[in-house]
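Step one of this worksheet: look at the structure below.
Treat the numbers as computed from the prediction; the structure is a model and nothing was measured.
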Amino acid sequence: MMDTITDSQILSIEPGVIDTKSDPNPQVVERARGRRQFSANYKARILAEYDSLGDLEKGALLRREGLYSSLLSVWRSQSKAGSIKELSKSPGRKPPDPKDK
């Protein structure tokens with residue numbers, strides 16, 4: 001005669017076995033769609049923070065923010081060229097020149 005083992009017996013014997021009777025967590029972390037866009041202030045803040053850190057902390061910053069070091073190289077080039085400063089200006093039209101009135 002063959003004994004059958006119930007799920008509850010397996011769970012009590014083998015720790016780490018997945019309980020198939022309970023519902024799994026249906027929540028999934030939503031991922032961003034499309035390309036990420038970074039503001040000029042964000043770029044400047046991340047560059048300043050990155051430069052102030054040691055080697056191990058730099059890697060932790062990149063992982064925390066989900067960035068690649070090559071992206072920081074591009075931002076550094078933009079910063080030297082002055083384009084980050086230009087991006088930080090408020091968008092929209094320039095005010096009209098008084099002499100045009």
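Atom CZ of R76 sits about 11.0 Å away from atom CG of L71, to the nearest 0.5 Å. For the atom pair L72 CG and S79 OG, the distance stands at 11.5 Å (nearest 0.5 Å). Between the OG atom of S52 and the NZ atom of K58 there is a distance of 8.5 Å, given to the nearest 0.5 Å.
Within the 4.5 Å cutoff, the side chain of V74 has no heavy atoms near those of the K43 side chain.
In this structure, the side-chain contact (heavy atoms from CB on, under 4.5 Å) partners of L61, at least two apart in sequence or on a different chain, are I46, E49, Y50, L53, R64, E65.
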